[in-house]
Structure formats: structure tokens, C-alpha cells
Amino acid sequence: MAEGPDGGAVPPPRPLDAIDEDILQILQADGRASIRSVAERVHVSRANAYARINRLVEDGVIRGFGARVNHERAGQSTSAYITLKIVQNSWRTVREQLRQLPGASHIALVGGDFDVLLLVHTPDNRALRELVLTRLQAIPEVTSTRTLLVFEEEDLDLEG
């Protein structure tokens, strides 16, 4: 069995059929879609749609439902990708500390010239500087950082 983010065992994924994939596409485009609407669009009963969505949640395929935020309009007008090099075998420790950072929205362990890619949204450059110089560089397992300022960004929606 694979290991989940919390260190616990995760069962292997069940294969998704065409209806499951259609349900995922609908919910990615509109997380507020009603069970009835989903059922009608994939041509199954409401009970079947409800059971399938619950299974997708229980299996960890659907991690949650939420709003897609325009960070600039929400007062987080500065965005940056920050690359980190970390001490070998310190990923779990570092990940837990990065989760606590204000404005952190995506964390990835990657291969290549650096170890971690972190996306943050902050109110301004001053807050970004504080985050990098005070918070990130204070993590003992972080050996170096590089900040890539985002000039413009766009989320790719399923509906275009």
C-alpha cells in the first residue's frame, strides 16, 4: 500500500469508469453542482450519483470542494513561486512547516535542480520578503531558496 500525506497507509486506487470521469469533470467545473444536476448530466439516478461521489471522496479522488479565488481581488496581489533546496530526508518535516505559512497555496516535492516548489500569495512585496527572509530561511532544513515573482497568472478552467 502507498503512504498518504499523513503517513498512514492508503489503499490502491480503484479504476474510474467513464461515468466517474464525467462526474469529476462536472464537479471540477462547478463544485456547487447539485446531486440532481450531476445525475441528470451523466444519465444515472440521484442515488447512484450520490453513491459515486461519496466513493470518490472516500477513495481520496475528490479531496474537497472549494472556491477558486482571484487572489489579486482578495487582497493577495503578490504571487511567487519559491524553490527550496532542503536537507536530504527532511521532506516530511519541511512540508509540515510550509503548510503553516500564511499565503502558501501549493507545495510540491520535485526532482531537478531544487527539491521543493512552493506557490505563495501575499498582500505585497514587503509581506513576501518577510515570508522568505524571516519564515522560510529560518527553517533549519532549508539550505537555500530562490524566489520567482509572478507577473501574471491564469487558472486553467475546464469550461475555458
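Bear in mind that the values here come from a model prediction, so they are computed numbers and not experimental data. Just so it is clear, the values below take in all heavy atoms, side chains as well, and ignore hydrogens, waters and symmetry mates.
Hydrophobic clustering keeps L119 apart from I86 (ILVMFWY residues linked when any side-chain heavy atoms are closer than 4.5 Å, directly or through intermediates). Using a 4.5 Å cut-off between side-chain heavy atoms of Ile, Leu, Val, Met, Phe, Trp and Tyr, with links allowed through other members, V69 and L128 fall into different hydrophobic clusters.
Applying the side-chain contact (heavy atoms from CB on, under 4.5 Å) test to I19 and every residue at least two apart in sequence or in another chain returns D17, I23, V42, V44, R52. The side chain to side chain donor-acceptor pair (under 3.5 Å) search around R46 returns none, not counting sequence neighbours. Applying the side-chain contact (heavy atoms from CB on, under 4.5 Å) rule to S34 yields the partners R36, S37; only residues at least two apart in sequence or on another chain are considered. Applying the side-chain contact (heavy atoms from CB on, under 4.5 Å) rule to E153 yields the partners S79, H121, V150; only residues at least two apart in sequence or on another chain are considered. Legend: residues meeting side-chain contact (heavy atoms from CB on, under 4.5 Å) with E21, ordered by chain and number and at least two apart, are L16.
Rounding to the nearest 0.5 Å places CG of L148 at 8.0 Å from CG of L117. In this structure, CG in L149 is found 6.5 Å from OG1 in T78, a value given to the nearest 0.5 Å. Here E40 contributes atom CD and I26 contributes atom CD1; the two are 10.5 Å apart, rounded to the nearest 0.5 Å. The CG atom of D30 sits 12.5 Å away from the CD atom of Q25 when rounded to the nearest 0.5 Å.
Annotation: Y81, atom OH; neighbour count of heavy atoms from other residues, nucleotides and ligands within 6.0 Å does not exceed 12.
Considering every non-hydrogen atom in both L84 and L98, the closest pair reads CD2-CD2, 4.3 Å. Considering every non-hydrogen atom in both S77 and P123, the closest pair reads OG-O, 3.0 Å.
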* To do: Output, in order, the C-alpha distance, side-chain angles, deciding distance and verdict of side-chain contact (heavy atoms from CB on, under 4.5 Å) for V116 and V110.
  => CA-CA 6 Å; V116 178; V110 298; over 6 Å; no
* To do: Show your working on side-chain contact (heavy atoms from CB on, under 4.5 Å) between D22 and R41 and close with a plain yes or no.
  => CA-CA 9 Å; D22 288 346; R41 291 172 63 185; over 6 Å; no
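Sorted by first and then second residue, the salt bridge (Lys or Arg N to Asp or Glu O under 4.0 Å) pairs involving residues 121-139 (not counting sequence neighbours) form an empty list. Among residues at least two apart or in separate chains, there is no ring-ring contact (aromatic ring centres under 6.0 Å, His included) pair with a member in residues 32-70. Pairs engaging residues 14-42 under the ring-ring contact (aromatic ring centres under 6.0 Å, His included) rule: none recorded [sequence neighbours left out].
Proximity of a side-chain donor or acceptor of T134 to a complementary backbone N or O of L131 within less than 3.5 Å is not detected.
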Using distance only, find each side-chain donor-acceptor pair of residues 136-143 under 3.5 Å and give its atom names and separation, not counting sequence neighbours.
| residue | atom | partner | partner atom | Å |
| --- | --- | --- | --- | --- |
| Q137 | NE2 | T145 | OG1 | 3.0 |
| E141 | OE1 | Q97 | NE2 | 3.4 |
| T143 | OG1 | K85 | O | 3.1 |

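In this structure, L118 and L101 have side chains that are in contact, with non-hydrogen atoms separated by less than 4.5 Å. At a threshold of 4.5 Å between non-hydrogen side-chain atoms, the residues T93 and V87 do not count as touching. When side chains are defined from C-beta on, F114 does not count as touching I82, because their heavy atoms never get closer than 4.5 Å. Inter-residue side-chain proximity for V38 and I53 is flagged as met; some heavy-atom pair is nearer than 4.5 Å.
Remark: R55 does not engage E58 in a salt bridge, criterion side-chain N to carboxylate O under 4.0 Å.
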